[in-house]
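Every value quoted in this text rests on a predicted model; they were computed, and no experiment measured them.
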Amino acid sequence: MSYTVIYAGTFDPITNGHLNIIERAAQLFGKVIVAVAKNPSKQPLFSLEERTELVQQSCSHLSNVQAVGFSGLLADFAVQYQAKTLIRGIRGSDDIEYEIQLAQLNEKLAEGLETIFLPPAVQWRYLSSTMVREIYRHQGNIAQFVPYSVLNALKEKE
């Protein structure tokens with residue numbers, strides 16, 4: 001029996017930091033579901049369908065990774081996919097308090113749902129999708145921060 005974990009986020013866009021966490025999770029667990037969230041409070045650069053496809057393309061070299069778009073509560077999504085563990089990326093101390101609160105809420109919403117915190121590799125610890133979007137909006141070069149599939153998708157949008 002393979003152990004399924006969920007790594008959730010908006011991934012707008014997926015970055016090399018996200019990909020680093022996904023690759024490491026894929027080595028540790030039997031199946032990784034990358035849950036691409038529809039977040040109505042954000043104005044995404046890419047649609048939910050586009051973001052899900054970009055995650056899938058970026059992870060195509062990982063046979064045990066699947067990208068799935070979702071809306072609603074992450075705890076409900078975890079129950080639907082029979083996952084008992086969430087992976088959450090943390091870049092530093094600023095993320096920890098918020099992520100602990102989310103972990104505790106998710107465990108209350110779905111009893112037994114555990115959260116594992118996984119920092120990205122040092123070279124990606126500073127990176128966020130928000131920063132990538134800002135650099136892109138100001139015509140900066142984001143090639144070193146995102147998978148190739150994201151660059152192609154952005155060129156198609158121009």
Undergrad: Does anything in residues 75-93 form a salt bridge (Lys or Arg N to Asp or Glu O under 4.0 Å)? List the pairs, not counting sequence neighbours.
TA: R88-E99, R91-D95
Undergrad: Between L62 and V36, is there a shared hydrophobic cluster once you connect ILVMFWY residues whose side-chain heavy atoms come closer than 4.5 Å?
TA: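 Yes, L62 and V36 fall within the same hydrophobic cluster.
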Undergrad: Between V65 and C59, which heavy-atom pair has the shortest distance, and what is it?
TA: CG1-CB, 3.8 Å
Undergrad: Excluding sequence neighbours, so at least two apart, what forms side-chain contact (heavy atoms from CB on, under 4.5 Å) with E53?
TA: Q57
Undergrad: In Å, rounded to the nearest 0.5 Å, how long is the span from CD1 of I90 to CD1 of I96?
TA: 4.5 Å
Undergrad: Short question: side chain of T85, backbone of E114 - any donor-acceptor pair under 3.5 Å?
TA: no
Undergrad: Return the minimal non-hydrogen interatomic distance between L19 and P147, and the atom names on each side.
TA: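 Shortest heavy-atom separation between L19 and P147 comes out as CD2-CG, 4.1 Å.
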Undergrad: Would you compute the distance between atom CZ of R133 and atom CD1 of I135 and round it to the nearest 0.5 angstrom?
TA: 11.5 Å
Undergrad: Which ring pair (Phe, Tyr, Trp, His ring centres under 6.0 Å) pairs, counting each pair once, include a residue from residues 40-59, with sequence neighbours left out?
TA: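 Matches after skipping sequence neighbours: none remain.
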Undergrad: For side-chain contact (heavy atoms from CB on, under 4.5 Å), just list the numbers for I142 and L154, CA-CA rounded to whole Å, side-chain angles, deciding distance to a tenth of an Å, and then say yes or no.
TA: CA-CA 10 Å; I142 61 167; L154 286 169; 3.4 Å; yes
Undergrad: Can you list every pair that meets ring pair (Phe, Tyr, Trp, His ring centres under 6.0 Å) and has a residue in residues 73-121, with sequence neighbours left out?
TA: F70-F77, F77-Y81
Undergrad: Determine whether Y136 and F11 fall in the same hydrophobic cluster, where Ile, Leu, Val, Met, Phe, Trp and Tyr are linked whenever their side-chain heavy atoms lie under 4.5 Å apart.
TA: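 Yes.
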Undergrad: Can you tell which of I87, N64, V68 makes a side chain to side chain contact (heavy atoms under 4.5 Å, CB included) with I33?
TA: V68
Undergrad: Decide whether Y7 and V79 are clustered together by the hydrophobic rule: side chain heavy atoms of Ile, Leu, Val, Met, Phe, Trp, Tyr closer than 4.5 Å, transitively.
TA: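 The answer is no; the residues belong to distinct hydrophobic clusters.
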Undergrad: Treat each ILVMFWY residue as a node, draw an edge where side-chain heavy atoms are under 4.5 Å apart, and state whether I6 and L54 are in one component.
TA: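 No; L54 is not reachable from I6 via cluster members.
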Undergrad: Could you tell me the separation between the OG atom of S149 and the CD1 atom of I14, rounded to the nearest 0.5 Å?
TA: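 S149 OG to I14 CD1: 7.0 Å, rounded to 0.5 Å.
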Undergrad: Considering residues at least two apart in sequence or located in another chain, which fulfil the ring-ring contact (aromatic ring centres under 6.0 Å, His included) criterion with F145?
TA: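 Partners of F145 under the ring-ring contact (aromatic ring centres under 6.0 Å, His included) test: none.
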Undergrad: If you measure from CD on Q104 to CG on L113, what distance do you get to the nearest 0.5 Å?
TA: 12.5 Å
Undergrad: Please collect all side chain to side chain donor-acceptor pair (under 3.5 Å) contacts where either partner lies in residues 16-37, sequence neighbours excluded, each pair once.
TA: T15-H18, N20-R24, E23-H61, K31-Q66
Undergrad: How long is the straight-line distance from CG of L109 back to CG of L73, given to the nearest 0.5 Å?
TA: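 Spacing of CG (L73) from CG (L109) equals 6.0 Å.
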Undergrad: Report the distance from atom CG of L118 to atom CD1 of I22, rounding to the nearest 0.5 Å.
TA: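 If I round to the nearest 0.5 Å, the distance is 11.0 Å.
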Undergrad: Locate the shortest heavy-atom distance separating H138 from E134; write the atom from each residue and the value.
TA: ND1-O, 2.8 Å
Undergrad: Between P120 and R125, what is the shortest heavy-atom contact and its length?
TA: O-NH2, 2.8 Å
Undergrad: Search all heavy atoms of V55 against all heavy atoms of A67 and return the closest pair with its distance.
TA: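 Distance-wise, the nearest heavy atoms are CG1-CB, 3.7 Å.
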Undergrad: Considering non-hydrogen atoms only, spot the tightest contact between L127 and V132 and give its length.
TA: CD1-CG2, 3.7 Å
Undergrad: Please confirm whether the backbone N or O of G69 pairs with a side-chain atom of R51, one donor and one acceptor, at under 3.5 Å?
TA: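 Side chain of R51 to backbone of G69, a donor-acceptor pair under 3.5 Å: no, none is there.
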Undergrad: Are any non-hydrogen side-chain atoms of L102 and T115 less than 4.5 angstrom apart?
TA: no
Undergrad: Flag yes if W124 and I116 sit in one hydrophobic cluster, no otherwise; membership is Ile, Leu, Val, Met, Phe, Trp, Tyr, and two members link when side-chain heavy atoms are under 4.5 Å apart.
TA: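 Yes, same cluster.
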